[in-house]
S.K.: 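First the structure, which I've put down as structure tokens, then a few questions once you've had a look.
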Amino acid sequence: MNDRTLLAGCGLEAGYGPSQVLFGLDLEIRAGEVVTLLGRNGMGKSTTIKTLIGGLPLRCGEVRFGGRPIHGLRADAIARLGVAVVPEGRQCFPNLTVREHLIAFADRRNDSAAPWTLERLYALFPRLRERAGHMGNELSGGEQQMLAIARALSTNPRLLILDEATEGLAPVIREEIWQCLAQLKAAGQTTLVVDKYVERLLRLADRHFILERGRIVWRGSSAELDADRALWQRYLGV
Amino acid sequence: MDSIFLIEQLLNGVGYGLMLFLLAAGLTLVFGIMDTMNLAHGSLYMAGAYIAARVHEASASFTAAVAAAVAVTVLAALALEWAIVRRLYARDHLAQVIATFGIILIADDAVKALWGPSPVMAAMPAALSGPVQLLPGLPYPAYRLLLLGAGLLVAAGLYLLVNHTRLGMRVRAGASNRTMASYMGVRVGQVFSFVFVLGAALAAFAGALMGPISAVQIGMGEAILIPALVVIVIGGIGSVRGAFIAALLVGVVDTAGRAFLPPLLRTMLPPALAADLGPALAGIAMYLLMAAVLILKPAGLFPARA
Amino acid sequence: AAPIKVGMALDISGPFATIGAETRDGFNLAIEKLGGKLGGVEAEFLQTDFSGNPEQANQLVSRYLQRDKIDFFTGPVASNSALAVGPALFAAKVPFLSSNPGPSQYAGKQCNPYFFAVYQNDSYDEAAGKVANEKGYRNVVLIAPNYPAGKDHLNGFKRLYKGEIRDEIYTKVGQIDYAAEIARIRAAKPDAVYFFLPAAMGINFIKQYVGGGLKDIALIAPAFSAEQDTIAAVGEPTLGVYNTAHWAHDLDVPANKAFVDAFRNKYDGRYPTVYAAQAYDVVMAMDAAVRAVGGKVEDREAVVAALKKADFDSVRGRFSYGVNNYPVQNYYLRVVEKGADGTITNRLVGTVLEKHQDAYVGDCRP
Amino acid sequence: MNDDAGARLPPSFRAAADGAGGEDAGGQDAARPARAGARLLPWALLAVLALLPVVGSALGLDYYVGFVRRLLIVAIAATSLNFILGYGGMAALGHAGFIGVGAYTVVALVDAGIDSAWLAWAAALLLSGGVAAAIGAVSLRTRGVYFLMITLAFAQMLYYLAVSLSAYGGDDGYGLHVPLVFGGGLGTGHAHVFFWVVLAIAALVFAFASRLAGSRFGYALMGIRDNETRMVALGYPVFRLKLVAFTGAGALAGLAGALLASHSNFVSPSLMHWTESALLLVMVVVGGLGRRWGAVLGVTVWLVLAEALKVWTEYWHWPLGVLLLVVVFFAPRGLAALAERRRGAA
Amino acid sequence: MSLFVADRLVKRFGGLLATDAVSLAVDQGEVHALIGPNGAGKTTLVNLISGLLPADAGRLVLDGVELTAMAPHRRVQHGLSRCFQITSVFGGRSVFDNLLLAAQAHAGSSFRFLRRRAAETGLHRQALELAQMLGLEAVLHRLAATLPHGLQRRLDLALALATRPKLLLLDEPMAGMGPDDSQQMVALIRRLRERTAILLIEHDMDAVFQLADRISVLDYGRVLACGDPAWIRAHPQVRAVYLGTEEGV
Ligand SMILES: Nc1ncnc2c1ncn2[C@@H]1O[C@H](COP(=O)(O)OP(=O)(O)OP(=O)(O)O)[C@@H](O)[C@H]1O
Ligand SMILES: Nc1ncnc2c1ncn2[C@@H]1O[C@H](COP(=O)(O)OP(=O)(O)OP(=O)(O)O)[C@@H](O)[C@H]1O
Ligand SMILES: [Mg+2]
Ligand SMILES: [Mg+2]
């Protein structure tokens with residue numbers, strides 16, 4: 001383990017009821033890095049994220065964040081340490097307005113010099129400014145996705161986790177998100193990304209993990225991944 | 001019918017409306033905002049009334065009585081929340097109805113064992129027991145002015161808390177999606193406990209204030225439950241503003257029905273029919289209003305979520 | 001021999017819980033005094049909570065009849081419960097000594113030899129009507145809940161009242177707020193207000209009436225709305241309320257003195273209500289009847305005949321029954337006052353109606 | 001409303017409905033032979049009940065015969081509520097209103113001098129069905145708690161109507177002094193015969209409800225409960241399906257009301273007080289929502305307990321309260337589900 | 001003559017004009033794709049067509065039948081069917097039960113009270129056929145909620161197909177699918193076009209350009225452009241508001 005390691009999961013085992021989904025999974029994310037978690041549908045990417053952020057109890061293994069064990073903590077405590085997630089399926093609050101989504105949880109959990117403020121978030125997603133007074137469930141699918149990303153950013157997290165965050169977004173917006181992530185990375189934001197646009201992720205991310213049936217079957221840098229197209233065929237279905 | 005009478009009845013309607021809002025305020029918070037169906041609201045209201053009545057009698061200070069009622073009820077609510085209610089947040093409304101109905105059954109028997117089956121005396125603070133002259137020829141009970149003020153104050157406070165504080169937003173977030181709220185760092189459990197206890201405090205406050213103008217007895221909580229729910233539902237579940245407007249609407253409609261309908265019908269219909277119909281219609285005015293609103297707007301006047 | 005079984009309907013929960021509790025206390029005092037016997041014969045007193053609900057009353061009475069095979073029945077607080085259970089009791093020839101309600105139906109067309117009342121519902125109101133005349137109230141406003149009993153009571157008042165009825169207000173059953181009605185009363189400017197609002201409704205009304213500044217308009221009520229239970233719950237605002245009843249705790253009758261003393265002794269000093277007095281009386285009436293038939297309660301005809309004589313020391317003094325088994329008795333005026341010791345209670349003012357018989361007896365063809 | 005509306009059920013009652021999923025999923029299309037015995041048990045019990053009047057009166061237990069008769073009548077009403085709530089997801093808090101309509105139909109007919117039981121019951125069925133159809137037609141536009149409250153509103157209107165109906169005694173109620181006749185010299189006055197008639201009607205209603213749950217109609221209704229928007233998108237006439245179910249349930253409740261009128265020979269508005277609707281709801285949930293025998297079991301447990309406790313103590317409410325808490329926390333799918341699990345384990 | 005025509009549909013949400021006089025036609029056997037920026041009004045349009053939302057103005061005609069004033073379920077009976085942007089199946093039931101329910105919807109009356117559905121072999125056969133067509137036989141007895149995402153979407157599609165639609169509305173069918181699942185879905189939709197015309201909303205441009213015969217682009221509730229894929233791909237305004245410069249487009 002590196003002293004720059006921000007998040008480390010070690011020997012993670014978890015599942016739903018009788019069915020086990022993760023089988024001794026190891027991964028670590030270093031501060032300032034962008035890391036991806038890749039794999040086919042149903043391989044356990046979202047489950048891994050849930051176990052990391054306290055949404056699903058660990059059956060075995062441990063999770064450390066900034067060096068301290070967090071696998072005993074509740075999800076809200078982990079979140080307050082500076083982990084923010086854009087979950088699968090957006091999960092916007094139907095009874096909060098767009099603006100309320102962005103101020104209710106706003107915080108400064110990292111020490112960024114240029115923290116995300118309401119204004120900056122609106123600047124990132126002008127659509128949201130137009131819809132500021134709308135309720136979460138009055139938004140289009142893509143608008144909800146933008147809102148979920150903005151909501152996560154509003155906490156100024158130390159670790160940002162995006163689970164299929166570009167899902168349902170128009171290609172232009174998707175591209176904007178990538179560029180935004182690149183800027184964030186430049187500003188030192190640590191990020192864990194799950195997404196299906198592997199090609200695009202190569203440019204953005206530093207390292208990649210490939211997940212197959214609850215185990216990490218490959219790990220390496222973008223260059224290594226780019227070089228080994230057989231991997232793509234075998235594990236990513238491309 | 002002179003204008004003073006009209007003004008007086010309008011005032012009565014508004015006053016009754018504010019009283020209804022006061023009764024419904026705690027429930028608005030717990031049921032409307034936190035989405036937890038709490039029939040035991042009535043029991044907390046009863047507890048507030050009983051404690052206030054007893055403390056007032058013993059201490060002769062109405063302020064102390066109200067404070068004690070709120071304080072003791074808050075303690076009881078903490079225990080209730082810890083033992084039972086917190087296990088209900090994640091359940092569906094039906095389970096909440098059944099469990100809190102069970103609490104009512106237990107609470108009623110407990111109060112009976114503690115204070116007997118007879119109504120107890122809740123005296124009015126002497127200073128407020130008479131009328132004040134609002135306009136020439138229009139006396140108005142001083143104590144009702146206090147209720148009116150309390151209703152307004154609670155309404156404003158609740159509105160600000162729910163709609164304009166981060167706490168209010170977090171409560172709403174937790175109510176609609178507990179998991180996601182906790183992913184955002186909200187201590188949902190604590191926030192909910194706090195809100196439940198606040199709701200209980202409001203219930204006790206209402207009970208303590210209502211005691212001097214109503215019967216403090218077992219079952220008094222159940223009697224206010226339906227009007228309180230009617231107000232919340234007409235307003236649109238989850239909307240403080242809706243509940244407030246609905247309370248005034250119900251108050252005015254109900255009062256108008258009682259004040260003007262029977263005389264009006266007497267001028268239009270044969271006396272026997274008018275005598276039967278007038279009070280009957282006035283009696284169901286509240287329900288007619290609710291049915292009419294829901295037929296036109298199936299989610300109440302101001303649905304909190306589209 | 002098997003003990004005599006008395007089925008008692010209590011209404012110690014539900015809307016009439018207070019009256020139910022008073023009734024129970026009256027029963028228990030009498031039972032204690034009689035050493036648990038009736039006419040010297042071993043007796044069993046079954047007490048069940050009817051919750052003031054006629055449907056439940058109906059079920060529980062069939063249990064008394066079919067399972068427990070009772071010999072006497074007494075109880076329920078409200079007329080509707082009495083009407084619900086009457087037919088079954090009459091069919092089974094079980095004497096039904098009402099401890100409170102005296103519905104007009106059983107006084108008139110549906111009168112039955114097995115039903116014994118302690119008063120007729122409207123007689124209180126008739127007496128109140130007469131009081132209003134005597135006090136010189138030229139116009140009044142009447143107020144009652146919108147159900148048949150409410151209308152009956154107001155009609156009873158109107159029967160003897162000679163002045164003008166300024167307004168007749170019917171309120172919702174179980175109403176909390178009376179501001180609109182009070183404003184109507186204020187606008188009508190009557191000399192007096194006659195109100196029949198039982199239980200919580202009466203408590204709410206009086207509190208708000210006085211708070212609304214109408215203290216100067218006299219309040220008259222049947223005793224139900226100004227009894228000790230109401231006084232205890234309302235306090236000072238009841239002061240000065242005139243009310244009528246067939247009994248008062250300061251009624252100068254030896255049996256009554258003994259009863260009131262015993263009651264205050266047993267129940268930490270509180271004054272008994274008319275409900276407790278009635279309940280006590282009813283048990284005493286049973287006791288006398290059982291003694292008269294020598295314990296042979298199976299002979300129901302004889303029991304009924306004995307009951308009809310009303311040959312016992314009633315706390316109301318001597319009275320007789322009309323053909324409908326409704327008492328022919330005095331009705332009194334009482335007023336709520338603060339006693340020398342500071343307790344608020346009713347004081348007997350005088351007799352309003354002497355040897356009064358109800359208005360329905362003519363319809364009774366026994 | 002947006003695209004994900006399809007994923008949203010009326011949220012308030014979702015979990016309860018899910019709770020019900022167990023049986024109908026398990027009771028899927030093919031019967032499991034091992035369970036056949038267990039399936040027949042309730043029917044066998046009903047058959048044995050037919051002996052009760054004879055045995056009961058021989059042992060001097062007439063009262064309990066009457067008690068069971070009332071239990072069966074209440075179970076009919078509860079079964080109808082269970083159908084719309086458990087299978088249809090419609091939480092109605094106005095069922096006592098329909099019971100009242102049925103009871104007052106009998107009153108009106110008797111008052112007019114008509115004493116045929118069949119006629120009176122058929123009229124009760126039709127009239128309460130009609131009232132339910134009218135109420136349903138406006139109420140079913142709402143969901144969840146709103147539906148709960150609007151049905152309550154209509155039931156309260158019926159209640160206050162009955163209270164001020166002086167022709168039928170208003171709040172005092174109406175005593176039915178002549179029994180209804182079946183023909184052949186028999187009538188509701190014959191305790192045994194009336195018991196058997198009630199038993200037969202109850203058995204028919206239970207059988208009907210149980211058949212209904214496995215029919216196209218039943219499945220469509222459960223589909224609506226689970227995902228209404230999807231059902232619309234499949235082309236189901238959702239509103240009409242719900243209305244028919246609601247009407248049928250109202251009619252059956254009315255029938256129960258009519259039987260209850262003859263059972264106690266007395267009808268009063270207290271029959272339709274909102275607390276009666278609430279109790280019915282409580283009994284159904286205690287028994288097991290959407291379970292074939294849930295309503296019957298709930299009614300039995302509740303009534304027997306209340307009956308026993310009332311004899312025993314003045315403070316008879318709180319143990320029932322404790323029972324409710326126990327059910328909610330330890331048997332969230334109702335006692336019927338608990339019983340099934342026991343049997344499954346055994 | 002087009003199979004389906006939407007004529008100047010309008011929908012407002014308060015002050016927001018979500019659908020601004022949109023006209024659209026779909027021909028027999030055509031896959032007509034609908035694309036546009038987020039919040040452009042695509043889902044709203046589908047909701048208007050399917051009747052989930054009432055239109056403020058405009059007309060709808062399917063195969064000569066006027067749908068405009070029809071209740072949503074009647075539109076389905078006249079040959080309109082849809083899938084949802086978020087998968088909408090009966091999660092607590094088995095796949096087979098889901099299919100039976102869909103088959104029953106098409107088989108006519110649901111007002112059958114006494115006959116056991118278990119005995120209706122016709123329904124079972126139809127359900128099995130559907131399962132085969134969409135490759136769901138292997139998971140027939142699993143609870144729908146426990147299926148992997150791709151299979152759930154397929155089940156969703158099966159439900160929509162059970163009603164034998166003339167026009168099928170698909171709102172982002174590839175959402176949440178990995179590349180291989182997406183390819184399978186593309187193949188499936190291609191097969192379906194023989195049975196029904198399709199109006200397809202999708203942000204996955206690979207899929208759109210593989211499938212669409214015609215593309216309409218929506219922006220701020222209006223039709224910005226409508227034409228064949230090649231033309232749309234080159235359309236400067238479409239590139240500006242929607243496609244961007246992302247490669248692969
Ligand atoms: N709540 C749940 N209950 C039961 N099983 C679940 C649940 N959520 C996921 N699973 C199962 O766990 C496995 C892993 O799911 P997970 O969502 O983690 O996969 P994923 O890699 O994120 O896939 P996708 O690309 O579809 O999002 C799958 O087989 C899925 O069916
Ligand atoms: N119920 C509603 N109330 C108010 N506004 C709404 C409602 N539903 C949708 N909108 C608004 O209407 C616009 C169109 O939404 P729609 O869902 O049709 O977009 P879309 O084209 O499907 O977008 P996406 O590709 O992101 O799913 C959006 O701006 C949205 O905010
Ligand atoms: Mg995932
Ligand atoms: Mg969309």
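Note: hydrogens, waters and symmetry copies are ignored here, and every other heavy atom, side chains too, is used. Residue numbers begin at 1 in each chain, while the letters A, B, ... track the order of the sequences.
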S.K.: Enter the distance from A/Asn41:CG to E/Leu151:CG here, rounded to the nearest 0.5 Å.
M.R.: 9.5 Å
S.K.: Shortest non-hydrogen contact from A/Ser140 to E/Gly39?
M.R.: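 Heavy-atom minimum between the residues: OG-N, 3.1 Å.
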S.K.: For A/Arg99, is the CZ atom crowded, meaning more than 12 foreign heavy atoms sit under 6.0 Å from it?
M.R.: no
S.K.: Pick one of side chain, backbone, both or neither for A/Leu169, based on which atoms fall under 4.5 Å of a heavy atom in chain E.
M.R.: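 The answer is both parts of A/Leu169.
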S.K.: More than 12 foreign heavy atoms under 6.0 Å from CZ of A/Arg234: is that the case here?
M.R.: no
S.K.: Does any heavy atom of chain E fall under 4.5 Å from the side chain of A/Glu167, the backbone, both, or neither of them?
M.R.: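 Just the side chain, heavy atoms under 4.5 Å.
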S.K.: Using non-hydrogen atoms only, which part of A/Glu130 is less than 4.5 Å away from chain E: side chain, backbone, both, or neither?
M.R.: side chain
S.K.: Testing the basics here: between A/Val172 and E/Gly244, what is the closest heavy-atom pair and its distance to 0.1 Å?
M.R.: CG1-CA, 3.4 Å
S.K.: Does atom CZ of A/Arg59 have more than 12 heavy-atom neighbours, drawn from other residues, nucleotides or ligands, at distances under 6.0 Å?
M.R.: yes
S.K.: Which heavy atom of A/Arg131 sits nearest a heavy atom of E/Leu16, and at what distance?
M.R.: NH2-CD1, 3.3 Å
S.K.: Return yes when atom CZ of A/Arg120 has more than 12 non-hydrogen atoms of other residues, nucleotides or ligands closer than 6.0 Å, and no otherwise.
M.R.: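 Yes, the 6.0 Å shell around CZ holds more than 12 heavy atoms from other groups.
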S.K.: Within a reach of under 6.0 Å around CZ of E/Arg222, are more than 12 heavy atoms found that belong to other residues, nucleotides or ligands?
M.R.: no
S.K.: Mind listing the closest non-hydrogen atom pair of E/Pro179 and A/Gly237 along with its distance?
M.R.: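 Taking E/Pro179 first and A/Gly237 second, the nearest heavy atoms are CB-O, 3.5 Å.
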S.K.: Can you confirm whether more than 12 heavy atoms, excluding those of A/Arg207, are under 6.0 Å from its CZ atom?
M.R.: yes
S.K.: With a 3.5 Å distance limit and no angle check, can you tell me whether A/Arg174 reaches the backbone of E/His203 through a side-chain donor-acceptor pair?
M.R.: yes
S.K.: Any chance CZ of A/Arg229 has more than 12 other-residue heavy atoms, nucleotides or ligands included, within less than 6.0 Å?
M.R.: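 Yes, enclosed.
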S.K.: Taking the side chain from A/Lys196 and the backbone from E/Met177, do they hold a donor-acceptor pair closer than 3.5 Å?
M.R.: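 It does hold such a pair.
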S.K.: Go through it in stages, so that I can follow the logic: the residues are E/Asn38 and A/Ile173, the test is side chain to side chain contact (heavy atoms under 4.5 Å, CB included), and I'd like the CA-CA distance, side-chain angles, deciding distance and then a yes or no.
M.R.: CA-CA 8 Å; E/Asn38 298 113; A/Ile173 306 288; 3.7 Å; yes
S.K.: Between chain A and each of E/Gly176, E/Ala40, E/Gly178, E/Pro148, count heavy-atom pairs under 4.5 Å; write down the option with the most.
M.R.: E/Gly176
S.K.: What part of E/Ala240 gets closer than 4.5 Å to chain A, counting heavy atoms only: side chain, backbone, both or neither?
M.R.: backbone
